[in-house]
2 protein chains.
Amino acid sequence: MTFSEENYLKTIYHLTNLLDSEISTNAIAERMETKASSVTDMLKKLSEKDLVHYKKYQGVSLTDKGMHSAKMIVRKHRLWEVFLVDKLDFPWDEVHDIAEQLEHIKSEKLINKLDEYLNFPTEDPHGDPIPNANGQIVTIEKQLLSELTENQTGICVGVKDTSSEFLKYLDKQGIALGSKIEILSKESFDLSLKIKVETKDFTISNKIAANLFVKKSK
Amino acid sequence: MTFSEENYLKTIYHLTNLLDSEISTNAIAERMETKASSVTDMLKKLSEKDLVHYKKYQGVSLTDKGMHSAKMIVRKHRLWEVFLVDKLDFPWDEVHDIAEQLEHIKSEKLINKLDEYLNFPTEDPHGDPIPNANGQIVTIEKQLLSELTENQTGICVGVKDTSSEFLKYLDKQGIALGSKIEILSKESFDLSLKIKVETKDFTISNKIAANLFVKKSK
DNA sequence: TATATTTTTTAGTTTTGTCTAAAATTTAAA
DNA sequence: TTTAAATTTTAGACAAAACTAAAAAATATA
């Protein structure tokens, strides 16, 4: 499989999780910052290789084979991210781009040995689940911080937005995976939250809260 | 720089070390298992980018810029090999092909962090030197085992042939980097050697001895 | 339901890196 | 030193993956 084919598969996989329905040509084009015509060309190619179900004008979905391939790419991406953060000490906002390259390295043995070396992690540095060697994914129960109500407490288990900008903001505020976040009050006008992280109190906007995954606790 | 450009640079670099003279189109084509016409095309391209000195029919050599780029690729290749063997526990005969892929990952920060993580190694698992971040190479004094005479002793510090076949043969005989090898006798007819490795005595052909680098000792 | 708008596909180019076949140049041999 | 052989380059073609512009199909609107 070429890099390009792998990138398409991965995109279709992510869109499937996001929208769970048939994926449109335009949705793929937009996410990959390419043209719809390029997407059509590739879909034909992937369809011929039996990686996607594709019917003209009807959108695409992954075949079992395509789904498995996509999961293996995601697995590689996320395991490399863990390596970069845990072993090489990269900040969590810098690993995505490097992992985008590393995910295309071809060697099943390599990725399984890496998995073992990292102690079979189940989540990447942003809290996203890592498919195991068979493609199985253990999803942990989580919800957006914005869904909690006053006086509820959650443990930060993931981020929805993984942009460097957002992650650096979290660093600045001292919010990391594992942080205990208590909702002190909620402003009904703009849905901003007064929260307590460890010992520090401060206010965050709804936009921030809607991009933080927590596991309800206490 | 594209993968292909990087592979050409690397090949020219290796041929330069091997032949130290102007490198011919055919020599490159042969080593890369491609056609001379393809090589010519690429040489023009590399020349335009100021990575090689190239004059029609006169062969090529690396410019300073090309030499530096080539060394950085070799650096990446060899550091990844160390990672695979030291950290992921790969056998030394399996790392080359994976490193051929990993050497193209683009991130200076990544490779420098990897270097640090591995404790700034100076040789790869086959005893080849690893250029540092500035491209400097510390070459250790070494000679072929076949150049030693009766009763001399050497420490194995590298292999000339890095084929899986040869490396597995060495594994089987218990010869590894660091092994102490004593020449008990040399057969003048075929230049085969009776040697002692650790406690074991056995005979090796001249071909084997001519592919083992040692550092004279005792 | 007819028409307008949006989405998707097709057709035809472009770029990168390869190839074959033929021409040009260099090197070796007679 | 002329000819033969080997090497290298040029010219033209091809596949992959992208693009633009135009046509076709689906969807939304009046």
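Naming: A, B, ... by sequence-line order, numbering from 1 per chain.
Contact between A:Ile130 and A:Arg78 at its shortest, heavy atoms only, is CG1-CB, 3.6 Å.
Under the 4.0 Å criterion applied to side-chain N and carboxylate O atoms, A:Lys106 and A:Glu6 are assigned as salt-bridge partners. Between A:Asp161 and A:Lys207, none of the side-chain N atoms (NZ, or NE/NH1/NH2) sits under 4.0 Å from a carboxylate O, so this pair counts as no salt bridge. Between A:Lys216 and A:Glu147 there is no salt bridge, since no side-chain nitrogen of the basic residue lies less than 4.0 Å from a carboxylate oxygen of the acidic one. Between A:Lys55 and A:Glu22 there is no salt bridge, since none of the side-chain N atoms of the basic residue sits less than 4.0 Å from a carboxylate O of the acidic one.
Remark: A:Tyr57 is not in phosphate contact with C:dT6, judged by side-chain N or O atoms under 4.0 Å from OP1 or OP2. OP1 or OP2 of C:dT9 lies within a sub-4.0 Å distance of a side-chain N or O belonging to A:Tyr54. For A:Tyr8, a side-chain nitrogen or oxygen approaches OP1 or OP2 of D:dA18 to under 4.0 Å.
Atom NZ of A:Lys49 and atom C1' of D:dA16 are 11 Å apart (whole Å).
DNA chain C is contacted by B:Thr34, B:Lys35, B:Ser37, B:Ser38 of residues 28-39 of chain B, taking any non-hydrogen atom closer than 4.0 Å.
Comparing D:dT8, C:dT8, D:dT10 against the side chain of B:Lys56 picks out D:dT10 as the nearest. The side chain of B:Thr2 approaches C:dT16 more closely than any other nucleotide in the set C:dT7, D:dT7, C:dT16. Closest to the side chain of B:Met42, out of D:dA24, C:dT18, D:dT7, is C:dT18.
There is no side-chain donor-acceptor pair under 3.5 Å between A:Asn26 and A:Ser24.
Residue B:Phe3 is classed as having no contact, given no heavy-atom separation below 4.0 Å to the nucleic acid.
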